[in-house]
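As the structure lists them, so they are numbered: ligands from 1, and atoms in each ligand from 1.
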Amino acid sequence: MSVELAIGVDIGGTKIHFALADDQGKLYHQEIVRTEAREGAVVVLNQVLEGIGRMYEAASAYTDREKLRGIGIGSAGQIDFATGRVAFAVDTLPGWTGTRIKEDVAGRFPGLPVIVDNDVNVQAIAERRYGAARGLNSFVCLALGTGIGGAVVENGQLIRGTFGGAAELGHVSVNFNGPRCSCGNRGCIELYASGTGIVRLADEHAAAGLYEGQTDSRSVIKGWLDGEPQASAIMDVVITALSTGISGLIHTFNPQAVIIGGGVSEAGEPLLSALRREAALRTAPAMWEAVKIVPAAVGIQAGVIGAAAQLWHYS
Ligand SMILES: [Zn+2]
């Protein structure tokens with residue numbers, strides 16, 4: 001019994017997911033801890049180091065030491081891929097900006113390769129190896145969570161830009177007169193189609209007397225799926241904004257697929273059909289014929305699976 005394994009780590013603002021994975025994306029051992037985000041970056045980095053240490057110990061039950069391929073990490077924020085340093089992270093991880101993840105992890109576990117990337121970039125690797133992007137060389141991923149993360153794969157490789165900040169697709173604007181975003185721009189997709197964006201719209205509608213339901217995103221989505229008119233009016237805005245953004249991405253990248261994941265995408269096929277219907281009206285025909293809009297397929301463990309998969313993706 002000595003399968004080749006990698007340690008995967010998915011670092012988010014609320015939880016850190018650790019796992020041992022093989023090159024088929026199968027998980028052998030895993031652990032989820034609550035991110036002590038409010039305690040600051042040093043504490044969070046220690047949580048990461050300790051969790052990797054536990055995976056390192058656990059690995060001996062499944063494989064020989066020399067079959068441990070390395071440590072793959074996906075983190076929230078913009079990651080400088082070459083140095084494995086956090087170039088910028090938002091308030092969900094206070095002080096995380098500037099953290100030298102790769103250097104510190106490699107220092108603690110000498111001899112093991114360490115690869116660090118943005119959390120949605122590693123999810124794109126997971127989708128390409130094991131999920132909705134199998135066999136595709138050109139695709140876009142949108143992760144509709146608390147915020148919106150993105151990844152773009154072209155010719156089988158992630159597009160990184162100058163330092164690794166490329167594909168911040170949540171901050172593509174769909175309304176130049178829209179509300180101000182934390183990034184500085186106005187009307188970013190994230191303000192409409194993320195979990196917090198839906199809450200923002202619901203609060204706005206409620207304040208105007210146009211919505212009487214619960215203003216959390218799950219309730220709004222459920223109301224829409226049930227055909228409730230007030231919730232549907234909110235989701236019309238969400239769908240129009242998101243499909244406008246998707247159309248822009250299709251015109252920019254001419255991809256084979258746009259892959260939709262994240263908590264909001266749990267709305268499922270009704271959301272996907274609505275996006276297809278609306279995006280089709282906004283996209284040049286040849287581009288539209290070449291692309292499919294599909295759900296992410298790897299599931300909620302895509303972050304940790306993709307993090308580990310980096311050890312095979314780059315070899
Ligand atoms: Zn923005």
Side-chain angles (χ1 to χ4, degrees), residues 11-14 37 74-81 85-99 117-124 140-153 158-205 207 215-217 220-221 234-253 255 258-265 271 275 278-279 282 296 303:
I11 307 171
T14 54
S75 171
Q78 297 163 15
I79 308 296
D80 183 323
F81 182 71
R85 177 181 164 273
V86 183
F88 181 76
V90 291
D91 297 345
T92 50
L93 284 168
W96 197 234
T97 301
T99 304
D117 204 346
N118 164 270
D119 51 357
V120 186
N121 278 357
V122 307
Q123 286 172 36
V140 174
C141 288
L142 279 174
L144 312 177
T146 311
I148 293 183
V152 177
V153 170
L158 287 157
I159 290 181
R160 301 192 177 283
T162 303
F163 68 79
E168 278 288 345
L169 306 181
H171 295 288
V172 172
S173 175
V174 291
N175 180 3
F176 61 77
N177 284 324
R180 184 73 76 183
C181 178
S182 60
C183 74
N185 203 351
R186 286 181 182 275
C188 296
I189 308 177
E190 185 168 290
L191 296 172
Y192 301 94
S194 65
T196 47
I198 294 172
V199 171
R200 188 189 69 79
L201 288 169
D203 285 340
E204 222 175 71
H205 280 233
T215 58
D216 64 285
S217 59
V220 174
I221 290 169
I234 296 169
M235 287 303 289
D236 281 349
V237 180
V238 173
I239 288 156
T240 305
L242 187 53
S243 55
T244 301
I246 288 171
S247 164
L249 296 171
I250 295 170
H251 287 127
T252 309
F253 297 109
V258 177
I259 295 169
I260 312 281
V264 172
S265 73
L271 177 64
L275 290 174
E278 191 64 32
R282 297 167 182 270

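When every heavy atom of Ala87 is checked against every heavy atom of Thr97, the shortest pair comes out as O-CG2, 3.3 Å. Taking each heavy atom of Val120 and Gly149 in turn, the nearest pair found is CG2-CA, 3.8 Å.
Excluding waters, the set of protein N, O or S atoms lying under 2.8 Å from the Zn ion (ligand 1) comprises His171 ND1, Cys181 SG, Cys183 SG, Cys188 SG.
With sequence neighbours excluded, no residue forms a ring pair (Phe, Tyr, Trp, His ring centres under 6.0 Å) with Phe253. Remark: Glu278 pairs with Arg282 by the salt bridge (Lys or Arg N to Asp or Glu O under 4.0 Å) rule, at least two apart or across chains. Residues passing the salt bridge (Lys or Arg N to Asp or Glu O under 4.0 Å) test with Arg160 are Asp117, sequence neighbours excluded.
Considering only heavy atoms from C-beta on, Leu144 comes within 4.5 Å of Leu242 through its side chain.
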